[in-house]
Structures are given as C-alpha cells and as structure tokens.
Q: 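First, the structure itself, so that you have it in front of you.
Nothing here was measured: the structure is a model prediction, and the numbers come from that model. All residue numbers in this chain count up from 1 along the given sequence.
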Amino acid sequence: MIEINGNRLAVEVLGPEDAPVLIAHHGAPGLGSRAEPRASFGRLADTYRVIVFDARGSGQSEGNGTFSHEQWAVDIDALREWAGAEQIIMAGGSYGGFMAMEYATRYPERVRALVLRDTSPDNSNEELALANALANARVEIDRDKLDRIFAGKVRDDADLRDCWREILPLYDYVYDPEAVERKVEATPYRYEAHNYAFSVNMPNYDLKPVLPAVTAPTLITVGRTDWITPVACSELIASLIPDSRLVVFEKSGHSPQIEEAEAWTTTVREFLTEVCPVP
C-alpha cells in the first residue's frame, strides 16, 4: 500500500527496475482490481516495469474523496511520479481503457505509447450494450438489474454482486456457467465507486473531440463478439487517434487477453517492441 493523494492504494510492481514503465489500469470501478491487468500485462514484466494498482474506491484501496475521471487521472500521474518515470506506457481495458485515454489526453507529454483493449471513446457503447444484452440467446436478462447496474443505482455491495452475476454470462466468447460463478466469487465489490462512475461520470463521458490530439502511438485491441464495448467503438477510436492501429480477435468476447491470450500478448509485445524499443 502506498499513499497517493490522500488515499492508500494497493500497488504492485513487476519487472526490472530500469525498464520502461507500463502502468495498466483495471476496468469496472467498484468491481475491478489489479488482478485483471496483472494477469495480462504481467506477462510483459520480463521486458517492462509493469505497475498495476487498485484505483481509489476499488479492490483493496481506500475510497476517500471523489471518483471522477479527473481525480483518477491525477492519481495515475502521481503513481507515475512515485515510480520515477518521466514517460510511461499507459494501458487499460474496458473502463480502464476510458482512463487510459483520459490520461493520454490530459497528460500527453507523459505518454510514450498507449495500449487499449475493448473500450469506447464515449458513452454510446451503453446503448449498443443494452441492445446486445436484450438480444442475446444465452440467458434471459433481468431488465431491472441491467438498468440499475448501467445507471449506477445499485443499493449496496450485495446488490452489486447480484447485478454483476446477471450480466456476466454475456462477456465471454464461449459461455461457461461455472466460470461465471468463479468470477462472481473472485470479484471485490465496492458499490460506491461503481455508482459514481455510472451515474456521474458516464453521462458526460465523450473523448471524441480530444482524441485527434493524442500523439502517442496507440494499439487498440478488441474481441469480435464483445457485447459491452463492441468492435464499432474500437473502430471509432482508431479513426480518431492519428497514429493508431486496430487488431480484432475473432474468437474473443470482451477479454481477448484471456480467450486468445497467446495471440493477444504477442500482438502487444510486437507493438511495444516497435514503438518503445528496450536497449
């Protein structure tokens, strides 16, 4: 645990001390934790100094103050400074991708490269996700639970857990009910951060006007059947960031870093080797 802007944050550092620093932001505030980026970007710790952390209000970190995008971005920059890095590789998937892009637009001089996974440049993904959820043939979704989790109106941690279980069957390319239950059990529930993110942050979330100013080389990855941040969202990001490339993983849902782990890791490693060569 380290002190960052009045909060004790759970932080892990992997890899050589003198290597280029990669900070990876987890998704799903109030549901996500450093375990997710550790499992994926941790594979690169043989070459890069990979830093993963629980954002304020998530996982094991404290949750004092606001959960705004501005504050979370300030926390990332304080973490960069703590690591002693002038520039970083910024990475994130899903909501972590929102924050990776927020950081790259707010602190462009600090970003050497940007790696995004299954994310969106604005809140239009919510309308697409709603349609995908209601049209799915796997399970019948409880519309009230779906609406409450998207609106940020869950009642407490137990309710967040219940709503999370409701939508989890939609995430993977291959539906495995037992895997869903394992994810439900492994998730840390922090409903305050989740509610703030979806009731306050998301209604005004729109980075489209500022993404063309991103100068860092950018890799955008997405699963073909991603229901919540569909391929169209990644295509829009790629059309807006000048020095970007898009890779679609054909046998993945929202998590190509898991479902096509070897191919995804190779893609990220080859991109970083090209744009951030290590002496």
Q: Does any donor atom in the side chain of T66 or Y196 lie under 3.5 Å from an acceptor atom in the other side chain?
A: yes

Q: Q87 side chain to E109 main-chain N or O, any donor-acceptor pair under 3.5 Å?
A: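 Looks like yes, one N/O pair under 3.5 Å.
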
Q: Tell me whether T221 contacts the main-chain N or O of F249 through its side chain, where contact means a donor paired with an acceptor under 3.5 Å.
A: no

Q: Rounded to the nearest 0.5 Å, what separation is found between the CG atom of D75 and the CZ atom of F53?
A: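 That separation rounds to 7.5 Å.
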
Q: For E17, does the CD atom have more than 12 heavy-atom neighbours from other residues, nucleotides or ligands under 6.0 Å away?
A: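 No, because the 6.0 Å sphere around CD of E17 holds 12 heavy atoms or fewer from other groups.
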
Q: Check whether the ring centres of Y103 and H69 lie less than 6.0 Å apart, and answer yes or no.
A: no

Q: Can K153 and F198 be said to form a side chain to side chain contact (heavy atoms under 4.5 Å, CB included), step by step?
A: CA-CA 8 Å; K153 293 182 178 180; F198 283 87; over 6 Å; no

Q: With rounding to the nearest 0.5 angstrom, report the CG to CG distance, D156 to D159.
A: 5.5 Å

Q: Are the side chain of T105 and the backbone of E102 linked by a donor-acceptor contact shorter than 3.5 Å?
A: yes

Q: State whether E12 and R38 are salt-bridged, where the test is any N-O pair (Lys NZ or Arg NE/NH1/NH2 against Asp/Glu carboxylate O) under 4.0 Å.
A: yes

Q: Would you say V13 and R49 make side-chain contact, with heavy atoms under 4.5 Å?
A: yes

Q: Can a donor-acceptor pair be found between the side chains of R8 and Q60 at a distance below 3.5 Å?
A: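 Side-chain D/A pair, R8 to Q60: absent.
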
Q: Do S33 side-chain atoms and G59 backbone N/O form a donor-acceptor pair below 3.5 Å?
A: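 No; zero donor-acceptor contacts below 3.5 Å.
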
Q: In plain terms, say whether R245 and E274 are close enough for a salt bridge, that is, a side-chain N and a carboxylate O under 4.0 Å apart.
A: yes

Q: Short question: side chain of H254, backbone of G223 - any donor-acceptor pair under 3.5 Å?
A: no

Q: Main chain of A216, side chain of T218: is a donor-acceptor contact present, judged purely on distance under 3.5 Å?
A: yes

Q: Could you check whether any side-chain N or O of H25 sits under 3.5 Å from a backbone N or O of G93, counting only pairs where one atom can act as donor and the other as acceptor?
A: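 Side chain of H25 to backbone of G93: no pair is present.
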
Q: Let me know which of I241, L207, L240 forms a side chain to side chain contact (heavy atoms under 4.5 Å, CB included) with V214.
A: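 It is I241; the other options fail the test.
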
Q: May I ask you to decide if V139's main-chain N or O and N136's side chain share a donor-acceptor pair within less than 3.5 Å?
A: yes

Q: Can you give me the closest heavy-atom contact between A133 and W227, atom names plus distance?
A: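 Minimum heavy-atom contact is CB-CZ3, 3.7 Å.
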
Q: Check E36 with R117, please: is the shortest side-chain N to carboxylate O separation under 4.0 Å?
A: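 Yes.
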
Q: Is any NZ, NE, NH1 or NH2 atom of the basic residue among R110 and E86 found under 4.0 Å from an Asp or Glu carboxylate oxygen of the other?
A: yes

Q: Are R43 and W264 packed together at the side-chain level, in the sense that at least one heavy-atom pair is separated by less than 4.5 angstrom?
A: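 Side chain of R43 against side chain of W264, heavy atoms only: contact under 4.5 Å found.
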
Q: Is there side-chain contact between I89 and C276, with heavy atoms separated by less than 4.5 Å?
A: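 Side-chain contact under 4.5 Å: yes.
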
Q: I'd like to know if the side chain of E259 reaches the main chain of G253, judged simply by a donor and an acceptor atom lying under 3.5 Å from each other, with no hydrogens or angles considered.
A: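 Such a contact is found between E259 side chain and G253 backbone.
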
Q: Which of these passes ring-ring contact (aromatic ring centres under 6.0 Å, His included) with W164: Y171, Y191, F150?
A: Y171

Q: Tell me whether F98 is reachable from V222 by hopping between hydrophobic residues (I, L, V, M, F, W, Y) whose side-chain heavy atoms are closer than 4.5 Å.
A: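 Yes, because V222 and F98 connect within a single hydrophobic cluster, where side-chain heavy atoms sit under 4.5 Å apart.
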
Q: Would you check if P20 and V278 make a side-chain contact, meaning some heavy-atom pair closer than 4.5 Å?
A: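 Contact flag for P20/V278 side chains = yes.
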
Q: M99 and Y205: same hydrophobic cluster, using ILVMFWY side-chain contacts below 4.5 Å?
A: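 Yes, one cluster joins them.
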
Q: Under the side chain to side chain contact (heavy atoms under 4.5 Å, CB included) rule, what do D54 and L9 come out as? Steps first, then yes or no, please.
A: CA-CA 6 Å; D54 294 347; L9 302 187; over 6 Å; no

Q: For G57 versus A193, what's the shortest heavy-atom pair and its separation?
A: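 What the structure gives for the nearest pair is O-CB, 3.3 Å.
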
Q: When rounded to the nearest 0.5 angstrom, what is the spacing between CG in D118 and CG in N125?
A: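 Between atom CG of D118 and atom CG of N125 there are 11.0 Å.
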
Q: Are V11 and F41 co-members of a hydrophobic cluster defined by side-chain heavy atoms under 4.5 Å apart?
A: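 Different clusters.
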
Q: Do R56 and E62 have side-chain heavy atoms sitting under 4.5 Å apart?
A: no

Q: Could you measure the distance from the CD1 atom of I76 to the CD1 atom of I88? Nearest 0.5 Å is fine.
A: 7.0 Å

Q: Does a side-chain heavy-atom distance below 4.5 Å link N5 with N7?
A: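 Of all side-chain heavy-atom pairs linking N7 with N5, none is under 4.5 Å.
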
Q: After noting the C-alpha distance and the side-chain angles of L114 and L219, does the key distance pass the side chain to side chain contact (heavy atoms under 4.5 Å, CB included) rule?
A: CA-CA 6 Å; L114 186 60; L219 174 66; over 6 Å; no

Q: Could you report the tightest heavy-atom contact between N195 and V154, atom names first, then the distance?
A: ND2-O, 2.9 Å

Q: So, are D46 and R269 salt-bridged, with charged N and O less than 4.0 Å apart?
A: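 Looking at D46 and R269, the cut-off is met.
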
Q: Taking all heavy atoms of S199 and all of A151, pick out the closest pair and write down the distance.
A: CB-O, 3.4 Å

Q: Check this for me: does any side-chain nitrogen of one of R224 and E250 sit under 4.0 Å from a carboxylate oxygen of the other?
A: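 Looking at R224 and E250, the cut-off is met.
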
Q: Quick test of your reading of the model: are K145 and D162 salt-bridged, counting only N-O distances below 4.0 Å?
A: yes

Q: Would D157 and R161 pass as an ion pair if we require N to O under 4.0 Å?
A: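 No, this pair does not count.
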
Q: I want to check something: taking the side chain as every heavy atom from C-beta on, are N132 and P230 in contact at a cut-off of under 4.5 Å?
A: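 In short, these two side chains touch, coming nearer than 4.5 Å.
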
Q: If you round to the nearest 0.5 Å, how far is OG of S120 from CG of L236?
A: 7.0 Å

Q: Using a 4.5 Å cut-off on heavy atoms from C-beta on, say whether the side chain of N201 contacts that of S68.
A: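 Answer yes - side chains close enough.
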
Q: So, K183 and D172, do they make that salt bridge, N to O below 4.0 Å?
A: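 Salt bridge between K183 and D172, a charged N being under 4.0 Å from a carboxylate O: yes.
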
Q: Under 4.5 Å between side-chain heavy atoms, hopping through other hydrophobics if needed: is there a path connecting W82 to L22?
A: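 No, separate clusters.
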
Q: Could you pull out the closest heavy-atom pair between C233 and P121, with the gap in Å?
A: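 Scanning both residues completely, I find the closest heavy atoms to be O-CD, 3.6 Å.
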
Q: Is it true that atom CD of E3 has more than 12 heavy atoms of other residues, nucleotides or ligands lying nearer than 6.0 Å?
A: yes

Q: Could you check T229 against S234 for side chain to side chain contact (heavy atoms under 4.5 Å, CB included), going step by step and ending with a plain yes or no?
A: CA-CA 8 Å; T229 49; S234 288; over 6 Å; no

Q: I'd like to know if M101 and L128 are part of one continuous hydrophobic network [Ile/Leu/Val/Met/Phe/Trp/Tyr, side-chain heavy atoms within less than 4.5 Å].
A: no

Q: Would you call D77-R106 a salt bridge at under 4.0 Å N-O?
A: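 Answer for the salt bridge query: no.
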
Q: What heavy-atom pair brings P29 and A197 nearest, and what distance separates the two atoms?
A: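 Smallest heavy-atom distance, with atoms named: CG-CB, 3.5 Å.
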
Q: Does Q257 offer a backbone N or O that forms a donor-acceptor pair with the side chain of S255 under 3.5 Å?
A: no

Q: May I ask you to check whether over 12 heavy atoms, not counting those of E181, lie within 6.0 Å of atom CD?
A: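 Atom CD in E181 is packed in, count exceeds 12.
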
Q: Using a cut-off of 6.0 Å, state whether more than 12 heavy atoms not belonging to K251 lie near its atom NZ.
A: no

Q: Measuring from R80:CZ to I51:CD1, what's the distance to the nearest 0.5 Å?
A: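 Answer for the CZ-CD1 pair, R80 versus I51, is 10.5 Å.
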
